[in-house]
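Whatever order the structure lists ligands and atoms in, that order sets their numbers, starting from 1.
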Amino acid sequence: MLLFWDIRKSLLSCFNYNFNCLLTAFLYLVVHVSVFCPPCCDLLVMLSGIYALFFFLTVLVTIAAMLCKSQIFILLKLFVFINTIVRECEPSITKNISMASLLIFFSPCCVIVTELEKHIPDLHVLITTPFHPAYVTAERIKRAKNLQLLLTAGIGSDHIDLKAAAAAGLTVAEVTGSNVVSVAEDELMRILILVRNFLPGYHQVINGEWNVAAIAYRAYDLEGKTVGTVGAGRIGKLLLQRLKPFNCNLLYHDRLKMDPELEKQTGAKFEEDLDSLLSKCDVVVINTPLTEKTRGMFDKERIAKMKKGVLIVNNARGAIMDTQAVVDACSSGQIGGYSGDVWNPQPAPKDHPWRYMPNQAMTPHISGTTIDGQVLLALKSLPPFFPLRYLHSISSLAECNSNR
Ligand SMILES: NC(=O)c1ccc[n+]([C@@H]2O[C@H](COP(=O)([O-])OP(=O)(O)OC[C@H]3O[C@@H](n4cnc5c(N)ncnc54)[C@H](O)[C@@H]3O)[C@@H](O)[C@H]2O)c1
């Protein structure tokens with residue numbers, strides 16, 4: 001699979017550089033030889049035919065390789081999770097799983113969901129992603145008589161009915177710590193987008209407008225603002241570290257206090273009481289998992305306790321928010337801006353109200369799916385399967401971009 005990537009790279013560079021050079025040289029040759037040696041024309045026509053055939057084949061293989069690009073990360077994930085099985089599961093589970101019985105459902109669009117329904121009674125292992133989750137309901141678990149392992153390709157297994165999985169004796173595993181940098185960076189970006197009122201300016205450009213005042217009246221500097229993270233685990237801590245140079249007042253709320261050294265390094269202050277943190281923050285970022293306790297944690301009453309015009313970033317899970325309460329608060333101005341990549345449910349239906357509420361900067365579930373995030377996800381688990389040099393060869397941003 002990685003070899004294929006390299007083939008694609010060399011084909012593209014051949015196409016971009018070598019081919020252009022060769023073509024230019026060839027055209028020079030045709031013109032010069034035809035002028036000075038007319039009988040050679042037939043030979044040149046034949047050579048042109050061979051060259052055109054070569055070119056046509058190159059284009060075909062390049063297109064095929066480009067189409068395969070989207071499959072590469074799916075395959076990377078596959079290897080990550082096979083490794084997870086080997087490392088994290090009891091031998092009693094893994095020894096019964098043959099590769100033939102490992103059916104994978106990464107993207108449950110309607111066709112694949114139908115496939116999932118069809119195959120679920122035969123599955124031993126089911127791999128799903130939080131990005132486009134196949135909701136593993138109690139009903140599906142009940143039908144999956146052979147299921148032994150549920151793997152999540154990412155962080156957060158709330159799309160799985162964990163109680164039903166536990167009752168059925170299933171192991172649920174996920175790749176913790178995998179794409180946390182990608183999510184933390186994305187959160188920083190969203191904070192700036194909201195604080196600087198970036199999106200209306202962008203829309204003005206698209207719409208051929210120019211109205212500085214319409215943007216500036218609600219654009220601020222981040223410096224000096226109070227920013228709080230609800231949940232300071234892996235992602236929350238990375239965010240606090242990244243916010244430190246912006247000279248904000250940093251607060252965090254979590255079930256657990258951070259290591260004093262990290263508290264000192266980031267300057268973040270612990271707030272034991274959530275509502276106390278919320279009443280102080282200009283910007284609130286949500287970084288808790290979706291659990292029984294956090295589901296609907298931000299309802300109408302809690303949002304009302306926040307500062308008027310508060311900016312909220314939520315890349316954790318959509319269901320931590322009360323959907324309608326967010327819409328109402330964005331409309332009334334209680335929430336000054338809401339941004340995130342997680343929805344309830346996913347994929348968000350076309351009529352999801354968050355698509356149409358004012359002052360939102362929402363995206364599909366993309367914060368953890370950068371190229372670097374996916375390569376890192378693989379790097380954390382792949383070494384037993386592949387020499388690292390193959391992966392390093394695709395991790396440079398310039399290289400990835402030049403291959404688009
Ligand atoms: N949008 C994405 O692409 C994406 C990617 C990765 C993770 N996530 C989401 O982000 C969440 C956090 O990821 P992480 O890697 O930082 O997880 P983590 O387990 O390292 O951190 C979660 C933190 O939340 C705290 N917490 C849990 N319940 C709490 C509660 N009721 N009140 C206060 N604090 C509570 C925990 O103590 C922990 O410190 C994941 O569970 C997942 O839902 C989203």
Side-chain angles (χ1 to χ4, degrees), residues 73 77 80 106-107 128-133 135 151-160 162 172-191 228-243 251-259 262-263 266 268-278 281 284-299 302 312-321 338-348 354 361-377 380:
F73 294 113
K77 283 180 180 171
V80 168
F106 280 107
S107 299
T128 54
T129 82
F131 309 109
H132 194 147
Y135 290 97
L151 294 173
T152 300
I155 307 167
S157 301
D158 43 88
H159 58 288
I160 296 171
L162 295 174
V172 180
E174 60 186 44
V175 190
T176 50
S178 48
N179 50 7
V180 289
V181 168
S182 318
V183 179
E185 280 189 7
D186 180 279
E187 289 177 347
L188 183 57
M189 174 189 78
R190 286 175 198 273
I191 292 172
T229 171
V230 180
R234 292 170 185 86
I235 297 172
K237 284 177 188 138
L238 289 174
L239 176 67
L240 290 171
Q241 286 171 329
R242 278 153 183 72
L243 282 168
L251 303 176
Y252 75 95
H253 167 79
D254 200 293
R255 296 174 309 174
L256 310 163
K257 258 190 119 202
M258 273 182 344
D259 172 31
L262 193 59
E263 254 188 13
T266 58
K269 294 196 182 73
F270 180 60
E271 287 278 350
E272 196 168 357
D273 181 46
L274 173 61
D275 291 333
S276 158
L277 173 134
L278 296 178
C281 286
V284 171
V285 187
I286 298 160
N287 278 312
T288 58
L290 175 62
T291 63
E292 302 262 296
K293 281 202 178 141
T294 61
R295 184 177 291 278
M297 182 160 72
F298 285 80
D299 56 10
R302 179 147 277 138
I312 299 180
V313 171
N314 176 16
N315 280 354
R317 285 297 179 260
I320 293 173
M321 316 301 294
Y338 184 91
S339 182
D341 71 335
V342 283
W343 304 70
N344 180 30
Q346 288 191 178
W354 287 3
M362 294 296 295
T363 65
H365 197 151
I366 50 156
S367 67
T369 53
T370 59
I371 303 274
D372 297 286
Q374 301 211 40
V375 169
L376 251 179
L377 186 87
K380 285 178 84 71

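- Of the N or O atoms in T291, none lie within a sub-3.5 Å distance of an N or O in ligand 1.
- Looking only at side-chain heavy atoms (C-beta outward), H365 and P130 come within less than 4.5 Å of each other.
- Here H365 has side-chain heavy atoms under 4.0 Å from ligand 1, and that is the only part of it that gets that close.
- At under 3.5 Å, a nitrogen or oxygen of R234, whether backbone or side chain, sits near a nitrogen or oxygen of ligand 1.
- Ranking the protein heavy atoms by distance from atom 5 (C) of ligand 1 puts V183 CG2, 3.3 Å first.
- With ligand atoms numbered from 1 in the order given, ligand 1 contributes 1 (N), 2 (C), 3 (O) to contacts under 4.0 Å with heavy atoms of S367.
- Applying the 4.0 Å criterion to heavy atoms of G368 picks out, from ligand 1, the atoms 3 (O).
- With 3.5 Å as the limit, one finds a donor-acceptor pair spanning the side chains of T363 and R190.
- Some N or O of I235 is nearer than 3.5 Å to an N or O of ligand 1, by distance alone.
- The backbone of A232, and not its side chain, has at least one atom closer than 4.0 Å to an atom of ligand 1 (non-hydrogen atoms only; backbone = N, CA, C, O).
- Between atom CG of residue D254 and atom CG of residue N287 there is a gap of 9.5 Å, rounded to the nearest 0.5 Å.
- Considering each of D341, V342, N287, the one bringing a non-hydrogen atom nearest atom 22 (C) of ligand 1 is N287.
- Ring geometry, Y252 versus F270: the interplanar angle falls from 30° to 60°, so the pair is classed tilted.
- For ligand 1, none of its N or O atoms has an N or O atom of T294 under 3.5 Å away.
- For the pair I191 and L243, the minimum side-chain heavy-atom distance is below 4.5 Å.
- Taken from CD in E271 to CG in D273, the straight-line distance is 7.5 Å, to the nearest 0.5 Å.
- Nearest protein heavy-atom contact of atom 40 (C) of ligand 1 is I155 CG2, 3.9 Å.
- Within the 4.5 Å cutoff, the side chain of S367 has heavy atoms near those of the V183 side chain.
- The N/O atoms of N179, backbone and side chain alike, include none that comes under 3.5 Å of an N/O atom in ligand 1.
- The closest protein non-hydrogen atom to atom 44 (C) of ligand 1 is N315 O, 3.1 Å.
- Scanning the protein heavy atoms around atom 21 (O) of ligand 1, the nearest turns out to be G233 CA, 3.2 Å.
- The shortest heavy-atom contact between L251 and C281 is CD1-SG, 4.1 Å.
- Taking any N or O of R255, backbone or side chain, at least one lies under 3.5 Å from an N or O belonging to ligand 1.
- E185 contributes atom CD, which lies 11.5 Å from atom CG of N179 (distance to the nearest 0.5 angstrom).
- Ligand-side atoms of ligand 1 in range of V180: 15 (O), range being under 4.0 angstrom from any heavy atom.
- Atom numbering of ligand 1 starts at 1 in the shown order; those under 4.0 Å from a heavy atom of F131 are 3 (O).
- The nearest heavy-atom contact from the protein to atom 24 (O) of ligand 1 is P289 CD, 3.5 Å.
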